[in-house]
*Asks:* 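Just passing along the structure, written as C-alpha cells.
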Amino acid sequence: MFLLQAGVLVLFAVLCGRLAIRLRMPAVAGELCVGILLGPTVLGNIAPSAAEWLLPRDAGQFHLLDALGQVGILLLVGITGMEMDASLVRRRGTTALSVGLGGLVLPFGLGFAAGWVAPASLVPDGTDRLVFALFLAVALCVSALPVIAKILTDMNLIHRNVGQITLAAGMVDDVIGWILLSVVSAMAIGGTGQDSIVAPLLATALVLAVTFFILRPLVSRVMNAAERTSDTATVVGGATAFVLLSAAATHALGLEAMFGAFLAGMLIGSGPRGVRARLAPLRTVVLAVFAPLFFATAGLRIELGALANPTALAAAAALLLVAVLGKVAGAFAGARAVGMSAWESIALGGALNARGVIQLVIATVGLRIGVLNATSYTLIVLVAIATSLMAPPILRWSMRRIECTAEEQLRQQDRSMLDWKPVEQTPDARV
C-alpha cells in the first residue's frame with residue numbers, strides 16, 4: 001500500500017506540476033493540488049470509499065509517507081542552503097540587512113497581532129495563545145529563497161541590482177527565520193517558561209558557533225579534497241549524510257531539524273564550484289521525486305471545505321492581507337531607508353512577498369508539533385501559494401519603470417559573478 005501511495009502521489013505530482021508550469025504558475029501549486037484532489041477535499045467527498053482505500057486514515061500507514069516526506073524536505077532545505085552565496089551578502093551587506101529586516105520585523109509584528117486576535121477555532125485545544133501567535137508571526141515573516149531565485153531567473157532579472165539585493169535580503173530572512181522557528185518550536189514543546197526560551201537561544205548560539213568556527217574549516221578541507229576526486233557518488237553520498245546528520249544534531253539539541261540541514265547546506269555551498277556541480281544528481285532526485293512527494297503529502301492535509309465557514313473564510317482573507325501588507329510595506333520601508341527609489345522598493349517588496357516552499361515547511365512543522373490545526377494549516381498553505389503567484393506580476397509592473405544601468409549590463413555579460421547555475425538548470429518552476 002505504501003509503494004502504491006508513493007507511486008501514485010509522485011506520478012500525479014509530476015503531471016500537475018507540469019500543468020502548473022504551462023499555466024505560468026510555480027510547480028509547487030500543482031503538486032499541492034494533488035493532495036487536494038486525492039485528499040478529503042475532492043476524492044474524499046466524491047468517492048469516500050476509494051479515498052479511504054488509497055489513503056487510509058490509519059496513523060501507522062500515513063506515517064510512512066510522512067517519514068519519506070521528512071527526509072525529502074530536509075534534503076530540499078539543504079539544497080536551499082547550498083544555493084546561498086555568502087559573498088553576495090557581504091557585498092550588499094547594509095542594503096540587504098535593511099531590506100531584510102524591514103521585510104522581517106513588520107510582518108512578524110502584524111502576524112503576532114493577527115495570531116493574538118485570531119478566532120479560537122484556529123488554535124488547537126491545549127495550545128498556548130502566545131505560542132500560536134509567535135508561530136504565526138514566524139510563518140508570515142519568512143520569504144522563500146528558492147522560489148524567488150527561480151522567478152528572478154525566469155524573468156531575466158537576476159543580474160539586475162534589484163535581483164541581487166532581493167537574493168541577499170532573502171538570505172537574511174531565511175537565516176533569521178530558521179532561528180526563530182527553532183526557538184518557537186522549542187517553546188511549543190517545552191512550554192512558555194523562561195527555560196523554554198533561554199535553552200533554545202543558547203542551543204542556537206552553540207550551533208552557530210560550532211558551525212562557523214569548527215565545522216566550516218573542516219568542511220572546507222573536505223570539499224577541497226573532494227574537488228580532486230572524480231567519484232561523484234562519494235560526493236553526493238557524503239553531502240547527503242552531512243545534511244541528515246546535521247539535522248539530527250540540531251534536533252537532539254531541541255531545535256528544528258531543518259535548521260541543521262540549512263546550515264549544512266550553507267557550508268557545502270561555500271565550497272568549490274566544481275564540487276557543487278557534482279551535486280547535480282542529488283538536486284535532480286530531490287526536486288523531481290522527494291519534493292513533489294512531500295508537497296503532495298502536505299496537500300492531503302488541506303481541507304478547503306473549512307472555508308465554507310464564514311469565520312474561516314474571513315480569517316483567510318485577513319491573513320493574506322496581513323501577509324502581503326507586512327512583507328511589501330516592510331521591505332519598501334527598509335529599501336527607502338537606504339536610498340533606493342520607490343519603484344525599486346516596490347519590486348523588492350513584491351519579490352520578497354513570495355513565501356512558497358519555506359512557508360509550506362513551517363506549516364508542516366506547526367501541524368506536526370500541534371501548534372496548528374487542520375484549518376489554520378490550510379490557511380497558511382493558501383497564503384504560501386497566493387503570495388508566490390503574486391510575485392511575477394508585481395515584478396513585471398515595477399521593473400518596467402526601472403532603467404537598466406551600465407553596471408547591470410556588464411553583470412549580465414559576466415555570468416561568473418552569479419553563482420546560481422544549479423537553480424537555472426533546474427527544469428521546473430518549484431525553485
*Asks:* Please tell me if the side chains of I362 and F135 come closer than 4.5 Å, counting only heavy atoms from C-beta onward.
*Replies:*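 They are in contact (side-chain heavy atoms under 4.5 Å apart), so the answer is yes.
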*Asks:* Sub-3.5 Å donor-acceptor pair from the side chain of E31 to the main-chain atoms of A296, do we have one?
*Replies:*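 No, because the side chain of E31 does not come within donor-acceptor range (under 3.5 Å) of the backbone of A296.
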*Asks:* Output the distance between atom CD1 (I268) and atom CG (L263), rounded to the nearest 0.5 Å.
*Replies:*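 One finds 11.0 Å between CD1 of I268 and CG of L263.
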*Asks:* Do R396 and P392 come close enough that some side-chain heavy atom pair is under 4.5 Å?
*Replies:*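 Result yes, sub-4.5 Å side-chain heavy-atom pair found.
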*Asks:* After noting the C-alpha distance and the side-chain angles of Q70 and T364, does the key distance pass the side chain to side chain contact (heavy atoms under 4.5 Å, CB included) rule?
*Replies:* CA-CA 10 Å; Q70 287 301 315; T364 303; 3.9 Å; yes
*Asks:* How long is the span from the CG atom in L68 to the CG atom in L9, to the nearest 0.5 Å?
*Replies:*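 The distance works out to 10.0 Å.
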*Asks:* Determine the minimum heavy-atom distance between M1 and L54, stating which atoms define it.
*Replies:*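 Between these two residues, the closest heavy atoms are SD-O, 3.7 Å.
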*Asks:* Is there a side chain to side chain contact (heavy atoms under 4.5 Å, CB included) between L75 and L244 once you walk through the steps?
*Replies:* CA-CA 8 Å; L75 294 176; L244 295 178; 4.3 Å; yes
*Asks:* What residues, two or more places apart in sequence or in another chain, satisfy side-chain hydrogen bond (donor to acceptor under 3.5 Å, both in side chains) together with T166?
*Replies:*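 T166 satisfies side-chain hydrogen bond (donor to acceptor under 3.5 Å, both in side chains) with no residue once adjacent residues are dropped.
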*Asks:* Just wondering, do L348 and F332 contact through their side chains at under 4.5 Å, heavy atoms?
*Replies:*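 SC-SC contact between F332 and L348 ruled out.
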*Asks:* Taking only residues at least two apart or on different chains, which pairs with a member in residues 241-254 satisfy side chain to side chain donor-acceptor pair (under 3.5 Å)?
*Replies:*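 Qualifying pairs, neighbours excluded: none.
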*Asks:* With a 4.5 Å limit on heavy-atom distance, are the side chains of T232 and P281 in contact?
*Replies:*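 A side-chain contact exists here, since the closest heavy-atom pair is under 4.5 Å.
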*Asks:* Restricting to non-hydrogen atoms, name the atom on A312 and the atom on L379 that form the minimum distance, rounded to 0.1 Å.
*Replies:*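 Nearest pair, atom of A312 first, then L379: O-CD2, 4.0 Å.
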*Asks:* Only one of V383, L122, L110, V324 forms a side chain to side chain contact (heavy atoms under 4.5 Å, CB included) with L319, so which one is it?
*Replies:*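 Only match with L319 under side chain to side chain contact (heavy atoms under 4.5 Å, CB included): V383.
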*Asks:* Drop me the distance from L372's CG to T127's OG1, to the nearest 0.5 angstrom.
*Replies:*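 Taking CG in L372 and OG1 in T127, the distance rounds to 8.5 Å.
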*Asks:* Measure across R355 and L140 and return the closest heavy-atom pair with its distance rounded to 0.1 Å.
*Replies:*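 Of all heavy-atom pairs spanning R355 and L140, the closest is NH2-O, 2.7 Å.
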*Asks:* Which value, rounded to the nearest 0.5 Å, describes the distance between M82 atom CE and L279 atom CG?
*Replies:*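 That separation rounds to 5.5 Å.
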*Asks:* Would you say the side chain of F112 lies within less than 4.5 Å of the side chain of L130, judging by non-hydrogen atoms?
*Replies:*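 Yes - at least one pair of side-chain heavy atoms lies under 4.5 Å apart.
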*Asks:* What distance separates K327 NZ from L104 CG, expressed to the nearest 0.5 Å?
*Replies:*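 Interatomic distance, K327 NZ to L104 CG, rounded to 0.5 Å: 6.0 Å.
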*Asks:* Should I165 and E344 count as side-chain neighbours, where that means a heavy-atom distance under 4.5 Å?
*Replies:*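 SC-SC contact between I165 and E344 ruled out.
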*Asks:* Given side chain to side chain contact (heavy atoms under 4.5 Å, CB included), test F259 with L208 step by step and report yes or no.
*Replies:* CA-CA 10 Å; F259 183 44; L208 292 175; 3.9 Å; yes
*Asks:* Contact between V138 and V183 at the side-chain level, heavy atoms closer than 4.5 Å - yes or no?
*Replies:*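 The answer is no; the side chains never approach within 4.5 Å.
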*Asks:* What's the shortest heavy-atom distance between A291 and L76, and which atoms?
*Replies:*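 In terms of heavy atoms, the two residues are closest at CB-CD2, 4.1 Å.
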*Asks:* If every non-hydrogen atom of G330 is compared with every non-hydrogen atom of L106, which pair is closest and at what distance?
*Replies:*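 Smallest heavy-atom distance, with atoms named: N-CD2, 3.6 Å.
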*Asks:* With no hydrogens and no angle check, is any side-chain donor or acceptor of Q61 less than 3.5 Å from a backbone partner on P56?
*Replies:*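 Answer holds: no.
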*Asks:* Tell me every residue that passes ring-ring contact (aromatic ring centres under 6.0 Å, His included) with W343, counting only those two or more places apart in sequence or in another chain.
*Replies:*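 Here the qualifying residues are W397.
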*Asks:* Does CZ in F12 sit with more than 12 non-hydrogen atoms of other residues, nucleotides or ligands closer than 6.0 Å?
*Replies:*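 Count not over threshold, so no.
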*Asks:* To the nearest 0.5 angstrom, please state how far the CG atom of L15 sits from the CZ atom of R18.
*Replies:*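 These two atoms lie 10.0 Å from each other.
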*Asks:* If you take all heavy atoms of N45 and P40, which pair is closest and at what distance?
*Replies:*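 Distance-wise, the nearest heavy atoms are ND2-O, 3.3 Å.
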*Asks:* Is there a donor-acceptor pair closer than 3.5 Å between any side-chain N or O of S98 and the backbone N or O of G334?
*Replies:*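 Yes; at least one donor-acceptor contact below 3.5 Å.
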*Asks:* Please answer whether the main-chain N or O of G115 pairs with a side-chain N or O of R129 as donor and acceptor at a distance below 3.5 Å.
*Replies:*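 Flag set: sc R129 to bb G115 pair under 3.5 Å.
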*Asks:* Would you say L65 and L55 make side-chain contact, with heavy atoms under 4.5 Å?
*Replies:*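 Side-chain contact under 4.5 Å: yes.
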*Asks:* Decide side chain to side chain contact (heavy atoms under 4.5 Å, CB included) for S185 and V365; before the verdict, give the C-alpha distance in whole Å, the side-chain angles of both, and the deciding distance to 0.1 Å.
*Replies:* CA-CA 8 Å; S185 297; V365 171; 3.9 Å; yes
